Amino acid sequence: MLKKALFGAVALLALVGHAQAEDLKEFRVGIIGGENEADRLRNYQCLGDKLKAEFGFEKVSFFPAADYDGVIQGLLGGTLDYAELGASGFAKIYLADPKAVEPILTTVQTDGSTGYYSIMVARKDSGITKVEDLKGKKLGFADPDSTSGYLVPLVTLPESIGAPVKEFFGETGFGGGHENLVLEVLKGNFDAGTTFGSGVGEFKDGYTSGNLHKMVEKGVLDMNDLVELWRSPLIPNGPIVVRSSMADDMKAKFKQFMLDLPKTDAACFSAIMGGDFTNFTEVNTDFYKPIIDARKATIGG
């Protein structure tokens, strides 16, 4: 019996030692949907170059999923090492498997906050000037797994409109990601739509970060064509997550690499995060508990 126990302990130590000495040849990055694939890949290229130089990876592979769920399933399946998620996307993973990924960092806005807003917009020439004008009309959401584009409006809009979403609006639908949703609003396919922004800075710039800001910077959106109808309570900025089974020393090195990125390459930091942020700050699962609870109570895992 003692001999078996000793052999078991040795085997366990060997496994732990192997995990700590994990030698990653390829680092796999998931990129959630929201804007077109070419733009996402271009924005992340600088990160791939820096990861190779810093860690000696033979390959850094990018997986730009068509929607949020593509990255979520990759993380749940252990086929991705790192991704930036929305809070609701992380909640979906946590509810399915709390040990699949670890949230390690989130962004800090230029005003020092660690949150952002769901922002509902409509065409300026539509005559719609406030959320109450949308009664019986068609509302577009960004993605079923988007925090700002679906979960938070679903939970918090009823207080502003005095009724459940499905009763107030004549019809709802999904726009296929944040960028496409705004374009669909501009085309008139939705009377209004929910996207996201920092809420900090000037409306004409699409604020300092978020989907509206990215669209303005790319020249595909003129904010003069839109009007803001509604803004949610502050939402926790989404997490950077890593695969939980990654070796602890690798997690620590990667976290420090990302914490240093705003100082070592501010342009790359801005490109991958999609706007103007001050830096990263450390977070854990507790930071997202309100979103986890909200998702569990409404749309589930």
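Fair warning: this is a prediction, and the values are worked out from it, not measured in the lab. Values below: all heavy atoms of this structure, side chains included; hydrogens, waters and symmetry mates excluded.
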| query | With the 4.5 Å side-chain cut-off for hydrophobic clustering, are Ile299 and Phe174 part of the same group? | reply | yes
| message | For a 4.5 angstrom cut-off between non-hydrogen side-chain atoms, does Asp205 reach Met223? | response | no
| message | Under 4.0 Å between a side-chain nitrogen and a carboxylate oxygen: does that hold for Lys130 and Asp133? | response | yes
| Just by modelled atom types, is the Ala294 backbone N or O under 3.5 Å from a matching donor or acceptor in the Thr298 side chain? | yes
| message | Given 3.5 Å as the limit, does a donor-acceptor pair link the side chain of Thr278 with the main chain of Gln109, or not? | response | yes
| task | Evaluate the side-chain proximity of Val29 to Ser61: yes if any heavy-atom separation is below 4.5 Å, no if none is. | result | no
| message | Are Ile235 and Val108 linked, directly or through intermediate hydrophobic residues, by side-chain heavy-atom contacts shorter than 4.5 Å (ILVMFWY only)? | response | no
| Say you draw a straight line from CZ of Phe254 to CG of Asp81; how long is it, rounded to the nearest 0.5 Å? | 9.0 Å
| message | I'd like to know if Lys214 pairs up with Glu217 as an ion pair, taking the criterion as any Lys NZ or Arg NE/NH1/NH2 lying under 4.0 Å from an Asp or Glu carboxylate oxygen. | response | no
| said: I need the minimum non-hydrogen distance between Leu151 and Ser88, along with the two atoms involved. | reply: CD2-OG, 3.5 Å
| Which distance, rounded to the nearest 0.5 Å, do you find between the CG of Asp222 and the CG of Leu226? | 8.5 Å
| field | Main-chain N/O of Asn237 paired with Thr114 side-chain donor or acceptor, under 3.5 Å | value | no
| request: Look at Lys251 together with Glu102 and state whether they make a salt bridge at an N to O cut-off of under 4.0 Å. | output: yes
| task | May I ask you to check whether over 12 heavy atoms, not counting those of Glu159, lie within 6.0 Å of atom CD? | result | no
| query | Is there a side-chain contact between Leu157 and Leu139 (heavy atoms, below 4.5 Å)? | reply | yes
| query | Is any NZ, NE, NH1 or NH2 atom of the basic residue among Glu228 and Arg231 found under 4.0 Å from an Asp or Glu carboxylate oxygen of the other? | reply | yes
| Ion pair present between Lys137 and Glu171, side-chain N to carboxylate O less than 4.0 angstrom? | no
| Side chain Thr107, main chain Phe277, donor-acceptor under 3.5 Å | no
| note | The complete set of salt bridge (Lys or Arg N to Asp or Glu O under 4.0 Å) pairs with one or both residues in residues 107-120, sequence neighbours excluded, reads none
| message | Tell me whether Ser232 contacts the main-chain N or O of Ser118 through its side chain, where contact means a donor paired with an acceptor under 3.5 Å. | response | yes
| request: Check the side chains of Thr195 and Asn211 for a donor-acceptor pair under 3.5 angstrom, ignoring hydrogens and angles. | output: yes
| remark: Nearest heavy-atom contact between Asn284 and Tyr288 is O-CD1, 3.7 Å
| request: Determine yes or no for a side-chain-to-main-chain donor-acceptor pair under 3.5 angstrom, with Arg40 supplying the side chain and Ala65 the backbone. | output: yes
| query | Can you name the nearest heavy-atom pair linking Phe90 to Thr285, along with the distance? | reply | CZ-OG1, 3.9 Å
| message | Between Lys92 and Asp69 (salt bridge meaning N to carboxylate O under 4.0 Å), is one present in this structure? | response | yes
| Short question: side chain of Arg123, backbone of Asp191 - any donor-acceptor pair under 3.5 Å? | no
| Can you find a heavy atom in the side chain of Thr156 that is under 4.5 Å from one in the side chain of Pro233? | yes
| message | Within this structure, what is the CE-CD distance for the pair Met258 and Glu84, rounded to the nearest 0.5 Å? | response | 8.5 Å
| Between Tyr207 and Tyr116, is the ring centre distance below 6.0 Å? | no
| request: Measure across Pro164 and Pro158 and return the closest heavy-atom pair with its distance rounded to 0.1 Å. | output: CA-CG, 4.2 Å
| Which heavy-atom pair separates Ile291 from Val152 by the least distance, and what is that distance? | CD1-CG2, 4.5 Å
| Is the backbone N or O of Ala91 less than 3.5 Å from a side-chain atom of Arg295, with the two atoms forming a donor-acceptor pair by type? | no
| request: Indicate whether the side chain of His213 and that of Ser198 have a donor and an acceptor atom separated by less than 3.5 Å. | output: no
| said: I need the minimum non-hydrogen distance between Lys50 and Thr264, along with the two atoms involved. | reply: CE-OG1, 4.1 Å
| message | Tell me whether Ser209 contacts the main-chain N or O of Gly275 through its side chain, where contact means a donor paired with an acceptor under 3.5 Å. | response | no
| request: Using a 4.5 Å cut-off on heavy atoms from C-beta on, say whether the side chain of Asp39 contacts that of Lys218. | output: yes
